Amino acid sequence: ITTLLQCCVPSDSNTPTIRGNASNALANTLFFNENNRQRVARCQPTTASYTNTSLIQEEQKSEHKNNGISLLIELLQPSDEKLEYPKIFENVARALGTVVHNVDFALEAGKKGAIDALLPLCLHPDTEVQRYAAFALSNLALCDSNKKKMVDVRMPYDDNDSGEIGLVEALTKMLGADSQEAVAHASETLEILADVARTDDLAEQRKHFGVEGLVALCRGSTTNDEEG
C-alpha cells in the first residue's frame, strides 16, 4: 500500500503513466478490503516534501497526523495535469471514496479537507472523474459531521453571477451528465444532504416562531395533508 501511494506522487521518476497505473492498482486493492483501508490510514508515505498541510487546520494536526488519507486528498488538489491526465484523478477519487466507506476514516477525511478537494472534480469535463468524485462524496455524506460542511462548502466559479458555486449546485449540475453512474451517485448524495436542509429549515422556523408556533405549524401541515 505504501509503495503504491508513493508511486502516485508526482516526481521525475513517477511519470503520468506510472502514476495512472499505481493509482488504479491502489483503488483496486482497497475495494471491499477493510484491512487495506486500515493500512492506508496507518501508513506514513515518505513524501513529506510533497504533502501540503495547508488544508489541515492547526487544531486538527495533533489529532490527525499526515498519513495515506492525507496524501490521497493532497493528490486531488488543482494542478495543470487535472485536464491532461484525468485518469489519475479518477483513480485517486475512487481510492479515497473506498477508504471513506469506513466511517472513522470518513470523519478524518472530512476534517482534512476532502470535501473541498472533491468539489472541483464534480465540475470536471470528464464524466468518470465526476462519477468517482460523487462516489467519494456519497460515502463522506454518511458521516453526520460531514453533511453540514458539504452543504456550506463553496468555491470560485466564473460561470455563476455570484462568482462562486456550492457542492449542492455542482451535484445538481451532475444530474445532467452522460454517465448514469455519475448521475446515480450525485442523486444519492443529494438525497442524503436533503436531511440537513430539512433540519436547517426546522431550526430557522423554531428561531422565528418559537416551539409553540412550530408545533402549531406542523399540526396545520398535518391537517392540510389529511384534508388533501
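From a predicted model like this one, the values you see are computed outputs, not experimental measurements.
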K.L.:
Please evaluate residues Tyr157 and Leu123 with respect to the criterion side chain to side chain contact (heavy atoms under 4.5 Å, CB included), reporting the C-alpha separation (whole Å), side-chain torsions for both, the decisive distance (0.1 Å), and the verdict.
P.N.:
CA-CA 10 Å; Tyr157 189 64; Leu123 301 167; 3.8 Å; yes

K.L.:
How about Val99 and Ile69: do any of their side-chain heavy atoms sit closer than 4.5 Å?
P.N.:
yes

K.L.:
Kindly give the heavy-atom pair with the smallest separation between Leu171 and Leu137, and that separation in Å.
P.N.:
CD2-CD1, 4.3 Å

K.L.:
Spell out, as yes or no, whether a donor-acceptor pair under 3.5 Å connects the side chain of Asn14 to the backbone of Arg19.
P.N.:
no

K.L.:
Would you indicate whether the side-chain heavy atoms of Asp144 and Lys148 approach each other to under 4.5 Å?
P.N.:
no

K.L.:
Answer yes or no: is there a side-chain heavy-atom contact under 4.5 Å between Leu71 and Asn66?
P.N.:
no

K.L.:
Ile88, Phe31: one ILVMFWY side-chain cluster at the under-4.5 Å cut-off?
P.N.:
no

K.L.:
Listed by chain and number, what are the side-chain hydrogen bond (donor to acceptor under 3.5 Å, both in side chains) partners of Asn24, not counting sequence neighbours?
P.N.:
Arg94

K.L.:
Once you round to the nearest 0.5 Å, how far does CD of Glu169 lie from CD of Glu164?
P.N.:
9.5 Å

K.L.:
Ile115 and Leu142: same hydrophobic cluster, using ILVMFWY side-chain contacts below 4.5 Å?
P.N.:
no

K.L.:
Please report the shortest heavy-atom distance between Cys122 and Leu167, naming the atom on each side.
P.N.:
SG-CD1, 4.0 Å

K.L.:
Nearest 0.5 Å, what's the CG-CG distance between Leu76 and Asp116?
P.N.:
11.5 Å

K.L.:
Are any of the side-chain heavy atoms of Met150 and Thr189 separated by less than 4.5 Å?
P.N.:
yes

K.L.:
Ignoring hydrogens, what is the shortest heavy-atom contact between Leu96 and Ala114? Give both atom names and the distance.
P.N.:
CD2-CB, 4.2 Å

K.L.:
Dump the intermediate steps for salt bridge (charged side-chain N to carboxylate O under 4.0 Å, His left out) on Lys87 and Glu90, then the final yes or no.
P.N.:
CA-CA 5 Å; Lys87 197 69 179 178; Glu90 171 194 328; 3.1 Å; yes

K.L.:
Check for me, please, whether Tyr132 and Ile73 land in the same ILVMFWY cluster - side-chain distances under 4.5 Å, paths through other members count.
P.N.:
no

K.L.:
Looking at Ser187 and Val183, would you say the former's side chain and the latter's main chain have a donor-acceptor pair under 3.5 Å?
P.N.:
no

K.L.:
More than 12 non-hydrogen atoms from neighbouring residues, nucleotides or ligands closer than 6.0 Å to CD on Gln180, yes or no?
P.N.:
no

K.L.:
With rounding to the nearest 0.5 angstrom, report the CG to SG distance, Asn102 to Cys143.
P.N.:
10.0 Å

K.L.:
When clusters are formed by joining ILVMFWY residues with side-chain heavy atoms under 4.5 Å apart, either directly or through shared neighbours, do Phe135 and Leu121 land in the same one?
P.N.:
no

K.L.:
Just wondering, do Leu175 and Leu190 contact through their side chains at under 4.5 Å, heavy atoms?
P.N.:
yes

K.L.:
Has Gln38 got a side-chain atom pairing as donor or acceptor with Glu34's backbone, closer than 3.5 angstrom?
P.N.:
no

K.L.:
From Lys147 NZ over to Leu140 CG, what is the distance, rounded to the nearest 0.5 angstrom?
P.N.:
12.0 Å

K.L.:
Below 4.5 Å, heavy atoms only, C-beta onward: do Ser70 and Lys112 meet side chain to side chain?
P.N.:
yes

K.L.:
Looking only at heavy atoms, which two atoms of Val168 and Leu193 are closest? And how far apart?
P.N.:
CG2-CD1, 4.3 Å

K.L.:
Indicate whether any N or O donor in one side chain lies under 3.5 Å from an N or O acceptor in the other, for Ser13 and Ser11.
P.N.:
yes

K.L.:
Any side-chain heavy atom of Cys7 sitting closer than 4.5 Å to one from Leu26?
P.N.:
no

K.L.:
Please check if the side chain of Arg37 supplies one atom and the backbone of Thr98 the other of a donor-acceptor pair under 3.5 Å.
P.N.:
yes

K.L.:
Would you call Glu128-Arg131 a salt bridge at under 4.0 Å N-O?
P.N.:
yes

K.L.:
Where do Thr2 and Gln6 land on the side chain to side chain contact (heavy atoms under 4.5 Å, CB included) test, with the steps shown first?
P.N.:
CA-CA 6 Å; Thr2 302; Gln6 291 175 172; 3.6 Å; yes

K.L.:
For Arg39 versus Asn36, what's the shortest heavy-atom pair and its separation?
P.N.:
NH1-OD1, 2.5 Å

K.L.:
Hey, does the side chain of Gln130 reach the backbone of Ala182 with a donor-acceptor pair shorter than 3.5 angstrom?
P.N.:
no

K.L.:
Considering residues at least two apart in sequence or located in another chain, which fulfil the salt bridge (Lys or Arg N to Asp or Glu O under 4.0 Å) criterion with Glu188?
P.N.:
none

K.L.:
Could you pull out the closest heavy-atom pair between Ala95 and Leu72, with the gap in Å?
P.N.:
CB-CD2, 4.2 Å

K.L.:
So, does Asn91 use its side chain to make a donor-acceptor pair with the main chain of Ala27 at under 3.5 Å?
P.N.:
no

K.L.:
For residues Val151 and Ile192: do they belong to one hydrophobic cluster (side chain heavy atoms under 4.5 Å, members Ile, Leu, Val, Met, Phe, Trp, Tyr)?
P.N.:
no

K.L.:
Please answer whether the main-chain N or O of Ala41 pairs with a side-chain N or O of Asn67 as donor and acceptor at a distance below 3.5 Å.
P.N.:
yes

